[in-house]
Amino acid sequence: MQYWLMKSEPDVFGIDDLADCPNQTDHWDGVRNYQARNMMRDQMQQGDQVLFYHSNTKVPGVVGIAEVVREGYPDHTAFDPEDPHYDPKSDPDNPRWYMVDIRFVRKLDRTISLTELKELKDRPEMADMPLVRKGNRLSVMPVTPEQWQFILGLE
DNA sequence: GCCAACGTTGGC
DNA sequence: GCCAACGTTGGC
């Protein structure tokens, strides 16, 4: 079992939206970055735990926990010309983009803000966490067990 | 809303 | 294969 962090803009799809979905489950569509794609397609497994992160908002930070319930499969939104994430280069016979399904587990009692995590970035537990490094734009990233424990220990 | 960082594209 | 131009991400 592995740990991950996934970013989402709460104005588009936040932790409460996930909790409101049927079965509290939704597909993580729209990722159009190869590094993130590779992780969803090749590495994420059923049962993996996910830190749900709100980006591009007033207080960016970790707001909840989710769980991977379906492993990588083709992102159908890439095939739909009407979809904002349409990619004509993705062919249903040879899909370019993949997604996973995640299910809501719980909200944190409070937001563990990016500011707070940055202040703690020199802690040994937080070593090599892409999230707190400058210029990081990866929307799906692996989280070490140490990072997982440490971050949730702040709750 | 600004803009730095960074990934992707396409001309050569 | 290089790299300038461009688009996007995402913090502030």
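Quick note on labels: first sequence line is chain A, next is B, and so on, each numbered from 1. Computed over heavy atoms, backbone and side chain alike; hydrogens, waters and symmetry mates excluded.
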Summary of protein contacts for nucleotides 2-8 of chain B, nucleotide by nucleotide, where a base hit scores B, a sugar-phosphate-only hit scores S (4.0 Å, heavy atoms): ---BB-S
Taking side chain to side chain donor-acceptor pair (under 3.5 Å) as the definition, give me every residue that meets it alongside R37(A), ordered by chain and number, with sequence neighbours left out. none
Show every ring-ring contact (aromatic ring centres under 6.0 Å, His included) that has at least one partner inside residues 126-155 of chain A, sequence neighbours left out. Y3(A)-W148(A)
Give every residue pair that meets the ring-ring contact (aromatic ring centres under 6.0 Å, His included) criterion with at least one member in residues 79-123 of chain A, sequence neighbours excluded. Y34(A)-W97(A)
Connecting only ILVMFWY residues whose side-chain heavy atoms lie within less than 4.5 Å of each other, what is the rest of M99(A)'s hydrophobic cluster?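 When side chains under 4.5 Å apart are linked, the cluster holding M99(A) also contains Y73(A).
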If you find the nucleotide of DNA chain C closest to K58(A) and the one closest to H85(A), which residue's nucleotide is nearer the 5' end? H85(A)
Side-chain donor or acceptor of K121(A) paired with backbone N/O of A127(A) under 3.5 Å: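 Pair absent, no side-chain N/O of K121(A) close to backbone of A127(A).
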Neighbours of DNA chain C within residues 73-84 of chain A, by heavy-atom distance under 4.0 Å: none
Salt bridge (Lys or Arg N to Asp or Glu O under 4.0 Å): which pairs involve residues 15-31 of chain A, sequence neighbours left out?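 Matches after skipping sequence neighbours: D16(A)-K107(A).
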Suppose the criterion is salt bridge (Lys or Arg N to Asp or Glu O under 4.0 Å): which pairs have a residue in residues 131-146 of chain A, not counting sequence neighbours?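 Salt bridge (Lys or Arg N to Asp or Glu O under 4.0 Å) check on residues 131-146 of chain A returns no pairs.
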How long is the line joining [atom1] of [X] and [atom2] of [N], in whole Å?
X	N	atom1	atom2	result
E116(A)	dG11(C)	CD	P	15 Å
K121(A)	dG11(C)	NZ	C1'	15 Å
K118(A)	dG10(C)	NZ	P	12 Å

Scan the side chains in residues 45-56 of chain A for donor-acceptor partners under 3.5 Å anywhere in the protein, sequence neighbours excluded, and list what turns up.
unit_1, atom_1, unit_2, atom_2, d
Q46(A), NE2, V69(A), O, 3.3
D48(A), OD1, Q2(A), N, 2.9
D48(A), OD2, W4(A), NE1, 2.9
D48(A), OD2, Q45(A), N, 2.9
H54(A), NE2, I15(A), N, 3.1
N56(A), ND2, E9(A), OE2, 3.3

